[in-house]
Amino acid sequence: MKIEHIAQETHNLPIEDTIHYLIRNASGRVVFSTSFGQEDQVLTHIISEAIHDVGIFTLDTGRLFEETYGVWQATEIKYKRRIKAYYPHHLELEELIEKQGINGFYNSVSNRQLCCEVRKINPLKRALSGAKVWITGLRSSQSTTRSELLRFEFDVKLGILKYNPLIDWTLDDVLSFIRLHNIPYNTLHNKGYLSIGCAPCTRAILPGEDIRAGRWWWEESKKECGLHR
């Protein structure tokens with residue numbers, strides 16, 4: 001499938017119909033990754049209510065907030081489905097902690113990147129193995145690093161087509177949808193945590209800060225872990 005053709009064919013279609021189009025034409029699995037953030041909860045609702053041929057998975061790094069596990073459970077109860085979890089390989093994790101210490105990611109950017117690789121990127125590769133389309137909850141206004149995102153992109157490194165259906169949604173659009181459909185959401189959002197990852201690597205943001213300013217706040221580098229490039 002060529003991206004230009006897909007974009008043209010689905011230009012005015014709702015999210016549900018676009019996903020159905022991808023299922024019919026992808027010649028392989030269509031999957032959706034959730035971290036249980038607000039955007040991902042919107043897509044979990046849409047997929048669970050209208051589409052049954054999309055697998056939903058999450059990456060459990062072992063360092064998530066307790067509130068994240070709470071919304072995970074509430075989501076499974078509401079939509080009566082299991083969300084498949086992928087975990088770091090135990091030998092890789094043991095080697096990482098032996099090398100860095102339990103919180104060694106604070107010591108250098110390279111340490112943090114290796115931690116993200118072991119806990120997130122390598123499990124993601126297993127989750128996407130054999131899939132043709134990866135649906136994400138990315139929005140272009142989430143940060144400067146995502147401002148030039150397109151609705152359809154090809155991730156060369158992972159060899160997969162990415163569909164970003166909420167690309168043009170605002171945060172208000174997301175919140176309105178959650179309220180309208182009574183969708184479970186992470187209670188940390190009420191405390192200033194707009195972008196939520198691992199507990200030791202996430203803080204609440206201050207008024208006027210970038211949405212992702214609370215991620216790896218001790219670094220000056222771009223606020224991405226490597227899942228999305």
Side-chain angles (χ1 to χ4, degrees), residues 10 13-19 22 30-51 54-61 64-65 67-72 74-76 78-79 81 83-85 120 124 127-128 133-153 155 160-198 201-202 204-205 209-215 222-229:
T10 62
L13 293 182
I15 293 173
E16 301 94 311
D17 292 342
T18 299
I19 295 176
L22 293 170
V30 178
V31 297
F32 165 56
S33 60
T34 178
S35 60
F36 304 101
Q38 294 166 123
E39 293 82 4
D40 292 339
Q41 289 300 93
V42 167
L43 291 174
T44 295
H45 176 86
I46 291 171
I47 291 169
S48 297
E49 292 291 306
I51 307 158
V54 173
I56 302 179
F57 71 88
T58 191
L59 308 177
D60 187 347
T61 64
L64 302 180
F65 285 96
E67 289 87 347
T68 301
Y69 292 111
V71 73
W72 181 346
T75 301
E76 290 193 335
K78 178 176 177 65
Y79 297 110
R81 67 179 298 165
I83 294 171
K84 184 171 179 57
K120 300 171 76 173
L124 175 70
L128 296 179
V133 180
W134 174 20
I135 303 170
T136 84
L138 299 177
R139 293 188 299 107
S140 60
S141 61
Q142 283 173 325
S143 72
T144 55
T145 61
R146 299 179 177 182
S147 61
E148 297 182 2
L149 285 172
L150 303 174
R151 201 159 63 102
F152 292 100
E153 300 180 310
D155 189 312
I160 195 167
L161 175 70
K162 290 174 69 173
Y163 172 41
N164 307 312
L166 304 183
I167 191 72
D168 295 324
W169 285 42
T170 65
L171 180 58
D172 285 342
D173 293 333
V174 171
L175 298 179
S176 295
F177 192 95
I178 286 174
R179 288 192 293 267
L180 178 64
H181 297 282
N182 194 29
I183 298 173
Y185 68 94
N186 196 321
T187 56
L188 287 174
H189 290 309
N190 298 335
K191 301 176 182 179
Y193 292 79
L194 294 189
S195 178
I196 302 171
C198 292
C201 299
T202 308
I205 66 171
E209 281 191 309
D210 184 272
I211 288 175
R212 291 179 65 80
R215 304 291 294 275
K222 293 181 179 180
K223 304 299 184 178
E224 298 287 351
C225 64
L227 292 181
H228 304 287
R229 299 176 186 276

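Atoms considered below: every heavy atom in the structure, side chains included; atoms not considered: hydrogens, waters and symmetry mates. These numbers were taken from a predicted model, which means no experiment stands behind them.
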Please name the pair of heavy atoms, one in [X] and one in [Y], separated by the smallest distance, quoted to 0.1 Å.
X	Y	value
Leu138	Lys162	CD1-NZ, 4.0 Å
Gln41	Pro184	NE2-O, 2.8 Å
Ser48	Ile56	OG-CD1, 4.1 Å
Ala127	Phe57	CB-CE1, 3.5 Å
Trp134	Ser33	NE1-OG, 2.7 Å
Tyr193	Ala204	CE2-N, 3.4 Å

What is the distance from atom [atom1] of [X] to atom [atom2] of [Y], rounded to the nearest 0.5 Å?
X	Y	atom1	atom2	answer
Ile135	Ile19	CD1	CD1	4.0 Å
Thr136	Asp155	OG1	CG	10.5 Å
Asp210	Ser195	CG	OG	9.0 Å
Lys78	Glu49	NZ	CD	7.0 Å
Phe65	Ile196	CZ	CD1	7.0 Å
Thr170	Arg139	OG1	CZ	7.0 Å

Sorted by chain and residue number, the salt bridge (Lys or Arg N to Asp or Glu O under 4.0 Å) partners of Glu76 (sequence neighbours excluded) come out as Arg82
Check step by step if side-chain contact (heavy atoms from CB on, under 4.5 Å) holds for Glu209 and Leu194.
CA-CA 10 Å; Glu209 281 191 309; Leu194 294 189; over 6 Å; no
For a 4.5 angstrom cut-off between non-hydrogen side-chain atoms, does Arg81 reach Ile47?
yes
For [X], what residues pass the side-chain contact (heavy atoms from CB on, under 4.5 Å) criterion, not counting sequence neighbours?
X	result
Asp168	none
Thr18	Thr10, Leu13, Leu22, Arg151, Phe152, Tyr163
Leu150	Glu153
Asp40	Phe32, Thr34, Ser35

Applying the side chain to side chain contact (heavy atoms under 4.5 Å, CB included) criterion to Gln38, which one of Ile178, Leu166, Ile183 satisfies it?
Ile178
List for me each residue that meets ring-ring contact (aromatic ring centres under 6.0 Å, His included) alongside Phe177, sequence neighbours excluded, and say none if there are none.
His45, Trp169, His181
Judged by atom type as modelled, is there a donor-acceptor pair below 3.5 Å linking the side chain of Ser140 to the main-chain atoms of Leu149?
no
Is there a donor-acceptor pair under 3.5 Å between the side chain of Glu39 and the backbone N or O of Val174?
no
Given Phe36 and Asn186, is the side-chain contact (heavy atoms from CB on, under 4.5 Å) satisfied, shown in steps?
CA-CA 7 Å; Phe36 304 101; Asn186 196 321; 5.6 Å; no
Check: Ser176/Asp173 side-chain N/O donor and acceptor closer than 3.5 Å:
no
